[in-house]
Amino acid sequence: MNYNEFNSTANSRDRELEMASAFPVLMRKVYTWMALALVITGVTAYGVANSPAVLEVLYTNPIVFWVLAAAELGIVFYTSARINRLSLSTATILFLLFSIINGATLSSIFIVYTMSSIAKVFFITAGTFAVMAVIGTTTKRDLSRMGSIMMMALIGIIIAGIVNIFVKSSMFDFIICIVGVLLFVGLTAWDAQKIRLMLEDAPDAGEGAQKIALLGALSLYLDFINLFIHLLRLLGNRN
């Protein structure tokens with residue numbers, strides 16, 4: 001083996017070691033960011049639910065609620081589309097802002113459902129999410145085909161939900177909740193695998209890789225929140 005070949009082999013091994021050490025760091029960041037966003041959402045939702053003045057502004061004026069909902073969608077699409085141009089700090093601030101706004105729009109759950117049922121469903125959601133995230137992260141089976149089918153199903157369930165706003169069918173709502181639970185259980189596994197595959201190729205734990213981890217945290221956060229909401233509608237006890 002000549003010097004150039006030896007140097008190339010050494011560099012390749014160094015790169016592999018660097019990638020191997022970066023992966024667990026990035027995966028921890030994914031779940032740390034996700035957990036932080038969930039805490040912020042929960043605290044915000046509880047705080048808004050216990051503030052009559054804020055509740056009055058939020059729910060007596062439909063325009064305010066829909067502006068917040070539009071802001072949520074805007075933040076998700078903007079962050080996802082421009083993640084390569086945004087700095088890590090800006091992307092992180094947008095993610096945390098999204099979790100605050102989402103908490104405000106979810107505050108009604110503390111009015112509609114009992115605290116005990118909210119806690120019960122949260123732990124059910126956490127357990128289910130953890131199992132599916134582990135499966136998605138560790139499985140060798142390619143879930144990409146299942147993921148594309150579930151994305152089409154997601155569009156369908158959104159349309160069905162909009163239709164049911166006008167139809168107001170309890171049976172239709174029950175079916176949507178069942179499908180929603182199954183859908184977000186599957187999406188959790190798919191997103192976990194997708195995040196693992198992207199981060200395994202990261203050369204280091206630099207800003208570019210951390211932005212990928214942040215987007216992964218956003219995806220899993222959305223999976224968790226939606227799974228929680230659908231399970232709460234199925235299992236929650238109303239006040």
Side-chain angles (χ1 to χ4, degrees), residues 37-38 41-42 44-46 48-49 55 58-77 80 98-99 101-133 135-136 143-192 218-239:
L38 287 174
T41 296
T44 303
Y46 185 77
V48 170
L55 281 176
L58 190 59
Y59 291 105
T60 59
N61 188 344
I63 294 177
V64 174
F65 183 87
W66 288 111
V67 166
L68 291 177
E72 288 184 83
L73 289 174
I75 290 172
V76 170
F77 287 124
S80 300
F98 173 81
S99 66
I101 297 174
N102 198 35
T105 58
L106 289 176
S107 58
S108 61
I109 67 172
F110 287 102
I111 301 170
V112 176
Y113 298 97
T114 64
M115 283 295 297
S116 60
S117 67
I118 291 173
K120 176 187 70 176
V121 171
F122 177 84
F123 286 114
I124 292 172
T125 304
T128 305
F129 177 91
V131 169
M132 297 312 298
I135 290 174
L143 302 179
S144 57
R145 182 176 179 183
M146 182 180 76
S148 34
I149 293 172
M150 287 187 295
M151 289 305 296
M152 290 188 288
L154 178 59
I155 295 172
I157 201 172
I158 291 172
I159 294 172
I162 294 172
V163 170
N164 202 41
I165 292 175
F166 303 99
V167 176
K168 296 180 179 178
S169 167
S170 58
M171 179 56 69
F172 196 26
D173 185 64
F174 177 77
I175 294 171
I176 290 173
C177 287
I178 293 291
V179 174
V181 168
L182 297 175
L183 176 61
F184 287 104
V185 163
L187 281 173
T188 298
W190 178 54
D191 281 330
L218 176 58
S219 297
L220 291 176
Y221 167 89
L222 290 171
D223 292 337
F224 188 102
I225 290 293
N226 281 286
L227 178 59
F228 171 73
I229 291 172
H230 284 89
L231 282 171
L232 188 61
R233 288 166 62 187
L234 284 174
L235 305 176
N237 298 320
R238 294 175 178 265
N239 285 314

Report, one line per pair, each donor and acceptor closer than 3.5 Å where one atom sits in a side chain of residues 171-187; sequence neighbours left out.
| unit_1 | atom_1 | unit_2 | atom_2 | d |
| --- | --- | --- | --- | --- |
| Asp173 | OD1 | Arg233 | NH2 | 2.1 |
| Asp173 | OD2 | Arg233 | NH2 | 3.4 |

With a cut-off of 3.5 Å and sequence neighbours excluded, list every side-chain donor-acceptor pair involving residues 147-158.
| unit_1 | atom_1 | unit_2 | atom_2 | d |
| --- | --- | --- | --- | --- |
| Ser148 | OG | Ser144 | O | 3.2 |
| Ser148 | OG | Arg145 | O | 2.9 |

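For the atom pair Leu73 CG and Leu68 CG, the distance stands at 11.5 Å (nearest 0.5 Å). Atoms CD1 and NE2, on Ile225 and His230 in that order, are 12.5 Å from each other to the nearest 0.5 Å. Atom OG1 of Thr125 and atom CD1 of Ile118 lie 11.5 Å apart (nearest 0.5 Å). The CZ atom of Phe228 lies 10.0 Å from the CG atom of Leu38; values are rounded to the nearest 0.5 Å.
In this structure, Asp191 contributes its side chain and Leu220 its backbone to no donor-acceptor pair below 3.5 Å. A distance-only check finds a donor-acceptor pair linking the side chain of Thr105 to the backbone of Asn102 [under 3.5 Å]. Side-chain atoms of Asn226 come within 3.5 Å of backbone atoms of Leu222 as a donor-acceptor pair (strictly under, hydrogens ignored).
Nearest heavy-atom pair across Ala45 and Phe110 is CB-CE1, 3.6 Å. Between Ala133 and Ala192, the shortest heavy-atom distance links the atoms O-CB, 3.6 Å.
Legend: residues meeting ring-ring contact (aromatic ring centres under 6.0 Å, His included) with Tyr113, ordered by chain and number and at least two apart, are absent. Not counting sequence neighbours, the partners of Thr114 by the side chain to side chain donor-acceptor pair (under 3.5 Å) test are Ser116, Ser117. Thr41 is linked by a side chain to side chain donor-acceptor pair (under 3.5 Å) to Tyr221, counting only residues two or more places apart in sequence or in another chain. Contacts of Asp223 classified as side chain to side chain donor-acceptor pair (under 3.5 Å), with partners at least two apart in sequence or in another chain: none.
Within the 4.5 Å cutoff, the side chain of Thr128 has no heavy atoms near those of the Thr188 side chain.
Heavy-atom neighbours of Phe122 CZ from other residues, nucleotides or ligands within 6.0 Å: at or below the threshold of 12.
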Worksheet entry | Candidate pair Leu55 and Ser107, rule side chain to side chain contact (heavy atoms under 4.5 Å, CB included), full reasoning | CA-CA 8 Å; Leu55 281 176; Ser107 58; 4.1 Å; yes

